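Since the structure is predicted, the reported quantities are computational estimates derived from the model, not experimental observations. Labels below follow one simple rule: chain letters A, B, ... track the order of the sequence lines, proteins then strands, and each chain is numbered from 1.
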2 protein chains.
Amino acid sequence: MVTPGSGGEPREGSAVPERMPTIRDVALLAGVATSTVSRALSKPERVNRHTRERIEAAAAQLNYVPSSQAQGLSSGRTNAVAVLVPDITNPFYFDIIRGTQHQLKAAGYTQLLVDTEESSEMELEALHKMRRSADGFILAASRLTDTQLAEVSGIQPVVTINRASASTPTVVIDTPSAVVQALEHLASLGHHRVCYVSGPPTSWSNRARWNVFEEESSKRGLEVHHIGPFTPKTTSGAAAADAAARTGATACIVFNDLLAIGMLQRLRERGIRVPEDMSIVGSDDIFGADFCNPPLTTIASPIEQAGRVAVSMLLSQLNPVPGRSSRQLAVMPTHLTIRASTGPAPA
Amino acid sequence: MVTPGSGGEPREGSAVPERMPTIRDVALLAGVATSTVSRALSKPERVNRHTRERIEAAAAQLNYVPSSQAQGLSSGRTNAVAVLVPDITNPFYFDIIRGTQHQLKAAGYTQLLVDTEESSEMELEALHKMRRSADGFILAASRLTDTQLAEVSGIQPVVTINRASASTPTVVIDTPSAVVQALEHLASLGHHRVCYVSGPPTSWSNRARWNVFEEESSKRGLEVHHIGPFTPKTTSGAAAADAAARTGATACIVFNDLLAIGMLQRLRERGIRVPEDMSIVGSDDIFGADFCNPPLTTIASPIEQAGRVAVSMLLSQLNPVPGRSSRQLAVMPTHLTIRASTGPAPA
DNA sequence: ACAGTTGCGGCAAGCGGTTGCCAAAAGTTG
DNA sequence: CAACTTTTGGCAACCGCTTGCCGCAACTGT
């Protein structure tokens with residue numbers, strides 16, 4: 001229709017559906033059975049070296065790539081791992097994604113990335129729909145209840161990140177202990193009225209941080225305030241900043257950097273100086289925390305590493321070593337990174 | 001071994017390998033043949049409504065989810081699209097990933113995310129290894145040569161982003177035209193000596209920007225400088241800043257925001273004021289460009305939308321509508337977002 | 001030289017769907 | 001009411017690969 005040329009030459013820019021070589025083609029070329037090819041490629045020791053080399057040559061010549069689909073069908077494993085994050089938008093998760101991606105690739109797995117949009121329903125749905133296409137799941141900051149989580153992890157291999165639970169292997173980032181550091185830091189700067197700026201109520205780590213905050217603050221005799229919840233986005237920072245200013249607190253520990261950065265912007269607009277009038281501590285040390293204005297004092301977390309560890313834990317669950325039982329909990333250390341958003345309490 | 005309890009109750013936290021329901025189970029329960037189930041689920045009109053409802057009920061009851069593997073095996077499509085980006089670390093690609101992810105999910109596709117680490121070899125390798133597991137590819141800022149690209153896109157459906165090529169459908173972000181705007185902006189502020197801070201030499205968009213920059217600068221009688229190439233990361237900003245300062249230029253247009261933000265930091269360290277002593281224009285308007293110090297004037301691009309459009313183009317290539325031939329080129333508009341990093345030329 | 005191992009490769013039965021083809025059932029028409 | 005068309009559902013052959021089982025041949029020890 002387009003070009004009535006002789007013999008249907010491939011149109012430029014469109015895929016030629018030329019049949020891909022199969023294991024059969026390789027077997028034929030190498031003069032062996034398909035089973036031998038399969039073994040030569042996956043369990044090299046199961047096949048004579050000479051035969052194997054012939055097969056490898058044939059495979060190379062044909063440019064053969066096994067179909068992971070077919071492989072999966074018969075072997076029952078997909079060699080893929082799904083990573084579910086509440087919000088792809090959030091730089092925090094990007095570091096996680098980067099970590100998982102890296103480690104998964106190294107182990108020969110494919111990463112299936114899913115954005116659950118902070119919704120436990122979507123999370124469950126993905127978990128359900130993908131159970132056939134992934135060997136395991138990594139849930140970053142899962143919004144699931146304990147019950148749901150237990151149920152899910154009874155059905156398929158799961159590792160959670162920043163969501164402790166008895167039923168599931170977990171890697172948690174130890175922000176609570178750094179909250180203590182942050183509080184000490186603020187106290188030593190002379191702050192007496194401190195405020196916790198809360199993130200999503202469904203977030204386990206938010207609850208964990210608040211608990212420590214409250215406990216430690218009162219232990220130190222500080223006047224404690226609590227505002228929120230706020231959506232953990234820079235855009236919610238304005239509301240958070242206003243609310244924080246109203247409490248009369250001179251220092252805030254904020255659920256995460258995103259929110260903290262948003263607050264910084266708003267405070268600046270309102271002429272509230274940071275740190276002279278108010279100190280701000282964020283959490284996560286995401287991309288941007290070092291170059292915002294002022295640079296943010298924050299609870300630095302090895303986020304990417306957390307992603308990596310999560311993958312390791314999942315993989316050791318998928319391919320268990322008979323002797324050693326796989327680790328159920330990894331705690332990633334954190335520390336306070338002090339930059340310019342914290343300073344002495346106003347006189 | 002762990003608990004010698006009676007009858008191997010599932011160990012907490014480990015997956016129970018309970019067999020998943022297959023299409024056969026559904027067929028049995030509904031009292032029809034598997035073929036009918038298959039059809040009821042994929043081509044509803046091909047089956048009597050009453051039968052279909054019975055099948056749907058059975059499927060729901062069994063909690064049946066078709067195995068995408070098996071589906072793919074027989075149908076030849078995987079319902080997955082691979083997205084290759086040069087560097088997951090780079091916020092620019094976050095936005096692309098977000099866009100593709102969104103659109104792919106809406107179309108019922110799975111996204112396979114791959115980091116090619118700025119290497120054309122890894123890109124080719126991924127393209128090759130995954131050709132069985134993905135129906136198509138989206139190459140963001142591909143590092144491939146025209147020849148390689150042509151070859152690849154002759155074999156499989158590909159859409160590129162920010163990498164124009166005759167052989168492949170492409171969505172380009174029209175930064176060049178915004179470079180003109182930026183240049184005008186700078187000229188109107190009285191700048192006469194301008195510098196282009198170059199990104200990776202393998203980047204098509206870098207070349208495109210430089211070409212326009214050079215042409216338009218000289219057309220306007222500006223003294224043009226060129227420094228680089230630099231790796232597009234904030235850490236390269238220091239070197240870039242130093243080099244830029246040495247040229248004597250009063251304004252820089254920088255390959256991307258990452259690099260620009262890095263320069264901002266370095267300039268500040270060196271006591272070179274932005275914009276009083278030097279104006280900086282970035283490109284992309286990534287996360288962070290609005291809250292760095294000073295906020296960055298930049299060429300804003302609808303990055304996420306570019307990702308979405310790329311997916312649309314790919315999908316229309318995968319499922320062609322007989323009548324209409326699919327679009328080969330989409331140009332995304334850009335505009336200059338003026339913030340605080342540009343100002344009048346120093347006297 | 002003989003029975004017992006061991007190494008290596010082939011056979012064939014799936015894995016869980018899809019789909020071309022066919023036949024029975026149902027609906028149409030003159 | 002017979003002949004014809006249209007629905008509708010079943011049969012069975014794959015899709016490409018893995019794997020349990022088997023048998024042959026070469027090797028071992030006595």
Report task. Quick one: label A/Thr22 by what it contacts on the DNA or RNA (base, sugar-phosphate, nothing), any heavy atom closer than 4.0 Å. Result -> sugar-phosphate
**Report entry** Selection from C/dG16, D/dA12, D/dC17 that lies nearest to any side-chain heavy atom of A/Tyr64
**Finding:** D/dC17
Query raised in the report: Hey, does A/Tyr93 have a side-chain heavy atom less than 4.5 Å from the side chain of A/Ile88?
Result: no
Query raised in the report: For B/Ser67, which contact category applies under a 4.0 Å heavy-atom criterion: base, sugar-phosphate, or nothing?
Result: sugar-phosphate
Query raised in the report: Taking only side-chain nitrogens and oxygens of B/Ser38, does any of them come within less than 4.0 Å of OP1 or OP2 of C/dG17?
Result: no
Query raised in the report: Does the pair A/Gln111 and A/Thr100 meet the rule for a side chain to side chain donor-acceptor pair (under 3.5 Å), with working shown?
Result: CA-CA 8 Å; A/Gln111 176 179 81; A/Thr100 53; 2.5 Å; yes
Query raised in the report: Hey, are A/Asp115 and B/His102 close enough side-chain-wise for a donor-acceptor pair under 3.5 Å?
Result: no
Report task. With side-chain contact (heavy atoms from CB on, under 4.5 Å) as the test, would you mind laying out the steps for A/Ser316 and A/Arg327 before giving the verdict? Result -> CA-CA 8 Å; A/Ser316 79; A/Arg327 199 156 47 137; over 6 Å; no
Query raised in the report: Hey, are B/Arg143 and B/Glu123 close enough for a salt bridge, meaning a charged N less than 4.0 Å from a carboxylate O?
Result: no
Query raised in the report: Can you tell me if B/Thr78 and B/Asp135 form a side-chain donor-acceptor pair at under 3.5 Å?
Result: yes
Report summary line: Within residues 125-133 of chain A, the residues having a heavy atom closer than 4.0 Å to DNA chain C are A/Arg132
Query raised in the report: Considering only heavy atoms, which members of residues 44-55 of chain B lie under 4.0 Å from some atom of DNA chain C?
Result: none
Query raised in the report: Does A/Arg163 reach the side chain of A/Thr170, with side-chain heavy atoms less than 4.5 Å apart?
Result: no
**Report entry** No-hydrogen, no-angle side-chain donor-acceptor test under 3.5 Å, B/Arg77 and B/Asn319
**Finding:** yes
Report summary line: Rounded to whole Å, CZ of B/Arg24 lies from P of D/dA12 at a distance of 13 Å
Query raised in the report: Just how far, in rounded Å, is P of D/dC15 from CG of B/Leu73?
Result: 10 Å
Query raised in the report: Just how far, in rounded Å, is C1' of D/dG20 from NZ of A/Lys43?
Result: 11 Å
Report task. Check the distance between D/dG16's P and A/Leu62's CG and give it to me in whole angstrom. Result -> 14 Å
Query raised in the report: Among the nucleotides D/dG10, D/dT18, C/dG10, which one has an atom lying closest to any side-chain atom of B/Ala33?
Result: D/dG10
**Report entry** Residue A/Glu151 excluded, over 12 heavy atoms near CD under 6.0 Å
**Finding:** no
Report task. Name the residue closer to the 5' end of DNA chain C, choosing between B/Thr36 and B/Gln69 according to the nucleotide with the nearest heavy atom. Result -> B/Gln69
**Report entry** Rounded interatomic separation in angstrom, taking CG from A/Leu41 and P from C/dG9
**Finding:** 14 Å
**Report entry** Length of the CD1-P vector between A/Ile23 and C/dC11, whole Å
**Finding:** 14 Å
Report summary line: Here the distance between atom C1' of D/dC15 and atom CD of B/Gln71, to the nearest Å, is 13 Å
Query raised in the report: Under 3.5 Å, is there an N or O donor on one side and an acceptor on the other linking the side chain of B/Arg39 and the base of C/dG17?
Result: no
Query raised in the report: Hey, are B/Lys105 and A/Glu117 close enough for a salt bridge, meaning a charged N less than 4.0 Å from a carboxylate O?
Result: yes
Requested in this report: Could you tell me the separation between the CG atom of A/Asn79 and the C1' atom of D/dT18, rounded to a whole number of Å?
Outcome: 13 Å
